[in-house]
Amino acid sequence: MSTTISPPGPKGFQLFSSLPRLAKDPFGFCMSEAAKGEGLVRLGSGPACAYLVSHPDYVHHVLIDNAANYIKGSIMDGIRYALGNGLFTAEGDHWKR
């Protein structure tokens, strides 16, 4: 039997209700949320969640060692349409380039 460990995050935190704060001050929002965890914080609940990864070892794990395991999914299609296929939105070989 496996045990699921959930990263820290405020109880009742809802990603969508935090969007105004995120839009107003993205850097401040991310710094504030990152300070609540030890390099990994869950943002949101249910099907609408994201993870803020800030510890260098975890960032390396996600972006270098296991990049193929972390897909951005179809939710990025609309964002990609608006922002283009850059570092934030690209996947696969395009992202590696």
Side-chain angles (χ1 to χ4, degrees):
M1 180 162 72
S2 67
T3 303
T4 301
I5 299 172
S6 183
K11 290 191 180 211
F13 181 92
Q14 297 295 319
L15 182 60
F16 291 116
S17 64
S18 296
L19 286 177
R21 199 172 112 217
L22 175 61
K24 182 178 179 183
D25 182 13
F27 182 75
F29 175 82
C30 289
M31 293 299 292
S32 169
E33 293 304 315
K36 295 176 183 177
E38 294 182 10
L40 181 63
V41 178
R42 183 176 183 191
L43 306 175
S45 60
C49 72
Y51 293 89
L52 177 59
V53 182
S54 58
H55 189 284
D57 292 342
Y58 302 160
V59 171
H60 191 273
H61 174 84
V62 170
L63 296 179
I64 305 299
D65 295 338
N66 293 287
N69 293 338
Y70 299 92
I71 60 168
K72 294 176 180 164
S74 61
I75 195 166
M76 289 303 263
D77 292 344
I79 297 169
R80 190 175 299 112
Y81 181 77
L83 299 179
N85 202 23
L87 182 61
F88 176 64
T89 57
E91 289 190 279
D93 289 337
H94 186 78
W95 177 84
K96 286 179 186 177
R97 278 193 306 278

Quiz item: Taking only residues at least two apart or on different chains, which pairs with a member in residues 68-78 satisfy salt bridge (charged side-chain N to carboxylate O under 4.0 Å, His left out)?
Solution: Asp77-Arg80
Quiz item: What pairs with Asp25 under salt bridge (charged side-chain N to carboxylate O under 4.0 Å, His left out), at least two apart in sequence or on another chain?
Solution: none
When rounded to the nearest 0.5 angstrom, what distance separates [atom1] in [X] from [atom2] in [Y]?
X: Leu83; Y: Met76; atom1: CG; atom2: CE; value: 7.5 Å
X: Asp65; Y: Asp57; atom1: CG; atom2: CG; value: 9.5 Å
X: Leu87; Y: Arg97; atom1: CG; atom2: CZ; value: 13.0 Å

Practice problem: Could you pull out all residues at least two apart from Ala67 that satisfy side-chain contact (heavy atoms from CB on, under 4.5 Å)? | Solution: Trp95
Quiz item: Ser32: what forms a side-chain contact (heavy atoms from CB on, under 4.5 Å) with it, not counting sequence neighbours?
Solution: Arg21, Lys36
Quiz prompt | Neighbour count >12 (heavy atoms, 6.0 Å) for atom CD1, Ile71 | solution = no
Self-check item: Selection residues 57-93 - residue pairs positive for ring-ring contact (aromatic ring centres under 6.0 Å, His included), sequence neighbours left out
Solution: His55-Tyr58
Self-check item: Residues clustered with Met31, ILVMFWY side-chain links under 4.5 angstrom
Solution: Phe27
